[in-house]
Protein chains: 2
Amino acid sequence: MARYVVDVMPKPEILDPQGKAVLGALPRLGFAGVSDVRQGKRFEIELEGEPSDALLEEVRAMGEKLLSNPVIEDFEVHLQGEPEGEFA
Amino acid sequence: MARYVVDVMPKPEILDPQGKAVLGALPRLGFAGVSDVRQGKRFEIELEGEPSDALLEEVRAMGEKLLSNPVIEDFEVHLQGEPEGEFA
C-alpha cells in the first residue's frame with residue numbers, strides 16, 4: 001500500500017480570502033508577529049501496490065485533472081512522511 | 001522570516017464526505033487502484049523572526065485554538081520543507 005499527499009494552494013498572485021480571514025483573527029486571539037497566512041487543501045491518496053515513479057505520476061495526473069484548478073491553484077505531490085516537493 | 005505548515009485532517013473515525021466524493025470520481029476519470037482518499041486543510045503561516053521551538057509552540061497553539069476543531073480533526077505542524085510531523 002502506498003500513501004501519497006497532494007497539497008493544493010492558491011497561486012501566489014490569487015486573492016486568498018480564507019487566509020486573510022485567519023490572518024485577521026489571530027491577533028484577536030492574542031497571537032502576534034504573524035505576517036501572512038495562506039489556506040489550501042490537503043489530500044491523502046491511498047493506492048494498492050508499492051510506492052513507485054509510475055504511481056507518483058498517476059497521483060500527479062489526479063492533481064492536474066481533479067484535485068486542483070490549474071487557473072488559480074498550484075499543487076505538489078509527495079510520499080507521506082517525506083518532505084514536500086516544489087509547487088507547480 | 002519563518003514559514004510553518006499546519007495540516008488539518010478529519011479524525012480517522014470521522015466520516016469524510018469530501019474524500020469519499022473524490023474516491024468515487026477517480027474511476028470515472030480512468031484512475032484505478034485507489035483504495036482511499038481523505039481531504040483536509042493546509043495552512044502556511046509566515047511569522048517574523050527565525051524558526052525556533054518557541055515559534056513552533058506558538059503555531060501549535062494556533063492549530064489548537066483556531067485552525068482545527070479538536071472534536072473532529074487532528075492536526076500537525078512542521079517547518080516548510082521538512083517532513084510532516086505526527087498528527088494528534
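Lettering of chains follows the sequences in order, A, B, ..., and the numbering in each one begins at 1.
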Subject >> Pick from A:Met1, A:Met62, A:Lys65, A:Glu82 with the largest number of heavy-atom pairs that fall under 4.5 Å of chain B >> reply: A:Met62
**OP:** State, yes or no, whether a side-chain contact exists between B:Lys11 and B:Asp74 at a heavy-atom distance under 4.5 Å.
**Re:** yes
Original post:
Under a 4.5 Å heavy-atom cutoff, which of B:Gln80, B:Gln39, B:Arg3 has the most pairs with chain A?
Top reply: B:Gln39
Subject >> Contact origin within A:Leu23 toward chain B - heavy atom pairs under 4.5 Å >> reply: neither
Subject >> Heavy-atom pairs under 4.5 Å with chain B, option from A:Glu48, A:His78, A:Glu44 with the top count >> reply: A:Glu44
Subject >> Part of B:Leu55 lying under 4.5 Å from any heavy atom of chain A >> reply: neither
Subject >> Listed once per pair and sorted, the side chain to side chain donor-acceptor pair (under 3.5 Å) pairs that draw on residues 13-22 of chain A, sequence neighbours left out >> reply: A:Lys20-A:Asp36
Original post:
Is any side-chain heavy atom of B:Phe75 less than 4.5 Å from a side-chain heavy atom of B:Glu64?
Top reply: yes
**OP:** In plain terms, say whether B:Arg42 and A:Glu76 are close enough for a salt bridge, that is, a side-chain N and a carboxylate O under 4.0 Å apart.
**Re:** no
Original post:
Only one of B:Val5, B:Leu56, B:Ile45 clears side chain to side chain contact (heavy atoms under 4.5 Å, CB included) with B:Val77; which?
Top reply: B:Leu56
**OP:** Measure B:Ala61 against the heavy atoms of chain A and call it side chain, backbone, both or neither at under 4.5 Å.
**Re:** both
Original post:
Where on B:Val6 is there a heavy atom nearer than 4.5 Å to chain A: the side chain, the backbone, both, or neither?
Top reply: neither
**OP:** Assess whether atom CD of A:Glu86 is packed by more than 12 heavy atoms of other residues, nucleotides or ligands within 6.0 Å.
**Re:** no
